[in-house]
Amino acid sequence: MKLIFAIIHDEDTTVVTNKLTDQGFKVTKLCSTGGFLRAGNTTLIVGIEDNEVEEVLNIIKQNSKSRIKPVTYPLPIGVMGNGPVEITVGGATIFVINVEGYEKV
Ligand code: 2BA
C-alpha cells in the first residue's frame with residue numbers, strides 16, 4: 001500500500017479532489033502553508049494500493065496547473081532584489097510513501 005501526499009494550489013483543490021473521488025479514491029484534504037511564500041496551499045492525502053499509484057499521479061498531474069506568483073516586499077529569505085519578483089509555483093509537489101500498516105477500527 002502507498003500513501004500519497006500531494007501539495008497543490010488551493011485553486012486546483014476542487015477539481016483534483018472531485019476527479020479522485022469520482023474514480024473511487026478516498027481523499028483527505030489538509031489546509032497547509034508553504035514555508036517559503038507563507039501562502040496557503042492544500043495538501044491531499046490519498047491511501048491506495050500499489051497498482052493505483054500511476055492512475056492517482058496522472059489525475060493529480062493533469063489537473064494541477066503551475067502559476068506565476070508576484071512576490072512583493074518583504075521578499076522571502078534568499079530572494080535578491082527590492083521586489084516585486086515572480087516565482088513559479090506548482091503544478092504539484094508529490095510524495096509517494098510506503099505504508100507499513102493500515103487499519104480502520
Ligand atoms: P512554498 O514553500 O511557499 O514555495 C512556493 C514556491 O516558491 C515553490 O514552488 C518554488 O517555486 C519557490 N521556492 C521555494 N523555496 C525556494 C527557495 N529556497 N528559493 C527560491 N525559490 C523557492 P513549488 O516548488 O511548486 O512548491 C509549492 C509548495 O509545495 C511549497 O510552497 C511547499 O508548501 C511545498 N513543497 C515544495 N517542495 C517541498 C518539499 N521538498 N517538502 C515539503 N514541501 C514542499
Side-chain angles (χ1 to χ4, degrees):
M1 189 173 190
K2 304 284 188 202
L3 191 61
I4 308 277
F5 279 88
I7 303 161
I8 63 173
H9 276 277
D10 287 343
E11 298 94 323
D12 295 329
T13 303
T14 302
V15 65
V16 173
T17 304
N18 285 348
K19 300 261 182 191
L20 288 169
T21 54
D22 285 351
Q23 294 305 312
F25 296 111
K26 293 174 181 161
V27 181
T28 296
K29 188 187 88 160
L30 304 177
C31 296
S32 44
T33 303
F36 188 66
L37 295 182
R38 310 288 162 95
N41 53 31
T42 298
T43 301
L44 299 180
I45 304 175
V46 192
I48 52 174
E49 298 302 329
D50 289 7
N51 63 2
E52 296 172 322
V53 170
E54 193 177 344
E55 184 180 357
V56 168
L57 294 189
N58 282 337
I59 290 171
I60 296 169
K61 287 175 188 169
Q62 285 164 11
N63 295 284
S64 301
K65 301 186 186 100
S66 65
R67 293 174 174 84
I68 307 285
K69 293 283 179 191
V71 181
T72 51
Y73 187 84
L75 297 174
I77 293 167
V79 177
M80 304 297 286
N82 297 318
V85 294
E86 292 185 332
I87 287 179
T88 303
V89 184
T93 300
I94 304 168
F95 299 90
V96 181
I97 294 160
N98 286 321
V99 175
E100 278 192 25
Y102 171 69
E103 281 186 58
K104 291 184 88 166
V105 295

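Numbers for residues simply follow the sequence, beginning at 1.
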Rounded distance (nearest 0.5 Å) linking atom [atom1] of [X] with atom [atom2] of [Y]:
{"X": "Ile8", "Y": "Lys61", "atom1": "CD1", "atom2": "NZ", "value": "14.5 Å"}
{"X": "Lys19", "Y": "Ile59", "atom1": "NZ", "atom2": "CD1", "value": "8.5 Å"}
{"X": "Glu52", "Y": "Met1", "atom1": "CD", "atom2": "CE", "value": "8.5 Å"}
{"X": "Ile87", "Y": "Leu37", "atom1": "CD1", "atom2": "CG", "value": "5.0 Å"}
{"X": "Ile7", "Y": "Leu30", "atom1": "CD1", "atom2": "CG", "value": "10.0 Å"}

Worksheet item: Are Asp12 and Arg67 side-chain neighbours, meaning at least one heavy-atom pair lies under 4.5 Å?
Response: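 SC-SC contact between Asp12 and Arg67 confirmed.
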Practice prompt. Report yes if the side chains of Ile4 and Leu57 come closer than 4.5 Å at any heavy-atom pair, otherwise no.
Written response: yes
Discussion item. Tell me whether Val15 shares a hydrophobic cluster with Val89, the cluster being built from Ile, Leu, Val, Met, Phe, Trp, Tyr side chains joined at under 4.5 Å.
Written reply: no
Item to complete: Please answer: with hydrophobic residues joined when any side-chain heavy atoms are less than 4.5 Å apart, are Phe5 and Val27 in the same cluster?
Response: no
Worksheet item: What is the minimum heavy-atom distance between His9 and Lys65, and which atoms define it?
Response: CD2-O, 3.3 Å
Worksheet entry | Heavy-atom closest pair, residues Gly90 and Ser66 | O-CB, 3.3 Å
Discussion item. I'd like to know if the side chain of Thr21 and the backbone of Asn18 have a donor-acceptor N/O pair within less than 3.5 Å.
Written reply: yes
Return all side-chain donor-acceptor pairs below 3.5 angstrom for residues 97-105, not counting sequence neighbours, or 'none' if the list is empty.
| residue | atom | partner | partner atom | Å |
| --- | --- | --- | --- | --- |
| Asn98 | OD1 | Lys2 | NZ | 2.3 |

Got a list of side-chain donor-acceptor pairs under 3.5 Å for residues 41-48, not counting sequence neighbours?
| residue | atom | partner | partner atom | Å |
| --- | --- | --- | --- | --- |
| Asn41 | OD1 | Ser32 | OG | 2.6 |
| Thr42 | OG1 | Asp10 | OD1 | 2.7 |
| Thr42 | OG1 | Thr13 | OG1 | 2.9 |
| Thr43 | OG1 | Ser32 | OG | 2.8 |

